[in-house]
Amino acid sequence: AAGAERYFTRWYKPDVKGRPCEDFCVLQHSNRRVGPGGWPICVITLAEAHPLLQSGKTIKSINYQISANCSRLQNKVSGKSKRGAQFLTELAPLCRISSSDGEEYTIYSCIRGRLIEVNENILSNPTLLQEKPSTEGYIAVVLPKFEESKSITQGLLTQKEYEEVLLKRRNSSS
C-alpha cells in the first residue's frame, strides 16, 4: 500500500468506551479509490497512542471470534451488493488482542457499515500490527452505508484535533 497516505483521510476516535488511550484511527479512502458504487471505504487501524503500540508491548494473540456464534472470519461477502456482509455498529467489536503482559484489548469498528474484510495476515504475523499499523497491519475494512457515508465522520476527530488530545494527555500526566 505504497502511497496509502495520499489516498486516505485520517479520522480518530479516542478513549473508546471510556477506556483511556484506547484510540482508533479510521482511514477513509478519497474518492479516487473506492468501493462498489463509488462508496468511500474505511480502513480501521490502531491510532498511534493505543497501548498496543507503546514500546515493550508484545502481542500474544489476535482473535476474530467475538462470541460463541460470531466470528469475523466467517464474514463471507459476495457480489456487488456485498450480500452476506456482517453489519457493524460503532461499538461492534472487530477482534480481541491479548498482549504478553496479560492485558486484553477489544478493537471496535468505530463506524457503522458492512464488514468487507478482516486482515487475516496479522493472525500469523501480529508484529505487522505494531510495525505498520496504517498499512499492512490494518484490522478491518468497513463499507459505510451510502446514505451515511457523509455523516460517519461525525464524532470522529481530525488529525489536528487528535494531536490536541495527545498534547492535553501529555500535559496532564507530566
Would you check if the side chain of Asn119 reaches a backbone N or O of Ala140 as a donor-acceptor pair within less than 3.5 Å? no

Quick one: does Gln28's side chain have a donor or acceptor within less than 3.5 Å of a partner on Trp11's backbone? no

By side chain to side chain contact (heavy atoms under 4.5 Å, CB included) - contacts of Pro126 (at least two apart): Ile59, Ile62

To the nearest 0.5 Å, how far apart are CG in Leu123 and CG in Asn63? 8.5 Å

Salt bridge (Lys or Arg N to Asp or Glu O under 4.0 Å) partners of residues 99-112, not counting sequence neighbours, each pair once: Lys57-Asp101, Arg112-Glu148

Polar side-chain atom of Arg72 near backbone of Gln86 as donor-acceptor pair, under 3.5 Å: no

Is the closest side-chain heavy-atom distance between Leu128 and Thr135 below 4.5 Å? no

Between Arg96 and Ile66, is there a donor-acceptor pair closer than 3.5 Å when you use the side chain of the first and the backbone of the second? yes

Atom pair CG (Asp15) and CZ (Phe24), whose distance is rounded to the nearest 0.5 Å: 10.5 Å

Answer yes or no: is there a donor N or O on one side and an acceptor on the other, between the side chain of Gln54 and the main chain of His50, under 3.5 Å? yes

What I want to check is whether the side chains of Tyr64 and Asn75 have a donor and an acceptor closer together than 3.5 Å. no

Side chains of Glu163 and Tyr12, donor plus acceptor under 3.5 Å: no

Return the CD to CG distance between Glu131 and Leu53, rounded to the nearest 0.5 Å. 11.0 Å

Evaluation steps, side-chain contact (heavy atoms from CB on, under 4.5 Å), between Val118 and Ile139: CA-CA 6 Å; Val118 293; Ile139 289 157; over 6 Å; no

Residues Lys168 and Glu164 bridged, charged N to O under 4.0 Å: no

